[in-house]
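Structure first, then comments.
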Amino acid sequence: MKIAVLPGDGIGTEIVAEAVKVLQALGLKFEIEYALVGGAAFEAHGHPLPEGTLKLAQSADAILFGAVGDWKYDTLERSLRPEQAILGLRKHLGLFANFRPAICYEQLVDASSLKPELIAGLDILIIRELTGDIYFGQPRGRRSATDGHFPGTDEGFDTMRYSRPEIERIAHVAFQAAQKRSKRVTSVDKANVLETSQLWRDVMIDIARQYPAVALDHMYVDNAAMQLVRAPKKFDVVVTGNLFGDILSDEASMLTGSIGMLPSASLNAKGQGLYEPSHGSAPDIAGKGIANPLATILSAAMMLRFSLNQPEAADRIEAAVKKVLAQGLRTPDIYSDGSTRVGTAEMGDAVVRAL
Ligand code: NAD
């Protein structure tokens, strides 16, 4: 089981260290290899996704990724910005299916900004297409020069596109996931305005015929954004494109109280996957030892289940996380009165003890 560990920037290094600690406590044999990515790789090698990092990622069974990015890179030409490393990994490894579960842990019901009755027991799965749409179209504008000079134009545009095969494969992923859950898929689009979305909707309807046991409904993205805060438990599996999925999955993650709790998996057709927390590099709290490592630890659990065929180990980690929450341990992002405030490393140590 070869794992490429790419901690990245900001809190990335702090939270990944805790996830590796937990993996090592399982008593399984892993081959773990580290590489730089994002801003850290740009500083050392002049590129956010150096050749060596990409080769390591390609050769591994799974990638454990922290986070990348810092405000100080905001003026860089777009192709050299830390976030390009994630887009590059998705593209080179064909990681087209992003799984973002939004689960409300019983012990954290009060951490949500919504009323407890709206989110208690929440367990939804957002499946976001990850290698198409506007993020992989053709950009043109102030920060997109390929020659290293900003063109300084006063127009910016990006093209949104999807092809039938791209939509078909994410549709299959969504219907198959729904078969193992409550057999409902909500496809989110903007078919009233966008041609890309009309194709998306037509293909979803076509593929649904192969899954007669699963009910499909459609929702416009603006309505979906409202319904997610009005009655989130009405959803089960939500499937959507790259741009809408980016926004809705962050919205869904905040329903549960903290973005610091939620893992994600991005898989290719071979089952190879990149596992990372749903949040970013949080430069505002980096280096303070207070970041919540649980999203990354839970991402390691998803890695064991989806790419390394170790479902029991994944169950053990998830049970250990529930146990530390039940013990009342909280990093500041999920802290509430009466619980015990802990830092990043203490939280990791507690999960290891609970294992
Ligand atoms: P962010 O997710 O980094 O932070 C948003 C807020 O959530 C901040 O207040 C932060 O302190 C808090 N937060 C995030 N993770 C936390 C954790 N584990 N524990 C406690 N609090 C946590 O989003 P942002 O501030 O919009 O972006 C910061 C940088 O991260 C940017 O450079 C952005 O491009 C990058 N980013 C990277 C990824 C990625 O690596 N996959 C994803 C999103 C954003």
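When a residue number appears, it is its place in the shown sequence, counting from 1. Counting convention: from 1, in listed order, for ligands and their atoms alike.
Classification of Asp236 and Lys183 as a salt-bridged pair fails, no side-chain N sitting under 4.0 Å from a carboxylate O. Of the charged side-chain nitrogens involved, none lies within less than 4.0 Å of a carboxylate oxygen, so that Arg164 and Asp202 do not count as a salt-bridged pair. The pair Arg184-Asp217 fails the salt-bridge criterion, with no side-chain N (NZ, NE, NH1 or NH2) lying under 4.0 Å from an Asp/Glu carboxylate O. Looking at Lys55 and Glu51, a side-chain N of the basic residue comes within less than 4.0 Å of a carboxylate O on the acidic one, giving a salt bridge. With respect to Glu312 and Arg305, no salt bridge is recorded, no charged nitrogen being found less than 4.0 Å from a carboxylate O. Taking 4.0 Å as the cut-off between side-chain N and carboxylate O, Asp250 and Arg100 count as a salt-bridged pair.
Distance from atom 25 (O) of ligand 1 to its nearest protein heavy atom, with residue and atom name: Trp71 CH2, 3.4 Å. For atom 3 (O) of ligand 1, the closest non-hydrogen atom of the protein is Ala282 N, 2.8 Å. Atom 22 (C) of ligand 1 has Ile285 CD1, 4.0 Å as its closest protein atom, hydrogens excluded (heavy atom only). With respect to atom 40 (O) of ligand 1, the closest heavy atom belonging to the protein is Val68 N, 2.9 Å. Of the protein's heavy atoms, Asp284 OD2, 4.9 Å lies nearest to atom 6 (C) of ligand 1. Ranking the protein heavy atoms by distance from atom 29 (C) of ligand 1 puts Ser281 OG, 3.2 Å first. Closest to atom 19 (N) of ligand 1, if we only count protein heavy atoms, is Asn292 N, 2.9 Å.
A side chain to side chain contact (heavy atoms under 4.5 Å, CB included) with Val239 is found for one member of Ile126, Val188, Leu125, Ile170 and no other, namely Ile170.
Proximity to Asp70 (heavy-atom distance under 4.0 Å) selects the following atoms of ligand 1: 32 (O). Within the listing of ligand 1, atoms 31 (C), 32 (O), 33 (C), 34 (O), 35 (C) sit less than 4.0 angstrom from a heavy atom of Glu83. Residue contact check: Ala291 has heavy atoms under 4.0 Å from atoms 19 (N) of ligand 1. With ligand atoms numbered from 1 in the order given, ligand 1 contributes 40 (O) to contacts under 4.0 Å with heavy atoms of Ala67. Distances below 4.0 Å separate heavy atoms of Ile86 from the following atoms of ligand 1: 39 (C), 40 (O), 41 (N). The atoms of ligand 1 that sit less than 4.0 Å from any heavy atom of Gly69 are 32 (O).
Arg128 forms no cation-pi arrangement with Phe244, by the criterion of a distance under 6.0 Å to the ring centre and an angle within 45° of the ring axis. Seen from the ring of Tyr73, Arg81 does not count as a face-on cation partner, given the 6.0 Å and 45° thresholds.
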For this session: Begin from the C-alpha positions of Asp61 and Ser307 and carry the test side-chain hydrogen bond (donor to acceptor under 3.5 Å, both in side chains) through to its verdict.
Result: CA-CA 7 Å; Asp61 298 307; Ser307 289; over 6 Å; no

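Here's the thing with Ser278: none of its N/O atoms is less than 3.5 angstrom from an N/O atom of ligand 1. An N or O contact shorter than 3.5 Å links Gly280 to ligand 1 by distance. For Ile15, no nitrogen or oxygen atom sits less than 3.5 Å from a nitrogen or oxygen atom of ligand 1, counting backbone and side chain alike. For a threshold of 3.5 Å applied to N or O pairs, the pair formed by Ile259 and ligand 1 contains no separation below that value.
For atom 33 (C) of ligand 1, a protein non-hydrogen atom is found at a distance below 4.0 Å. The protein reaches atom 8 (C) of ligand 1 closely, with a heavy atom under 4.0 angstrom from it.
The closest approach between Ala295 and ligand 1 stays at or above 4.0 Å for every heavy atom of the residue.
Contact annotation: the side chain of Lys72 never approaches that of Leu76 to less than 4.5 Å [non-hydrogen atoms, C-beta and beyond].
By the 30° and 60° cut-offs, the orientation of the rings of Phe306 relative to Tyr275 is parallel.
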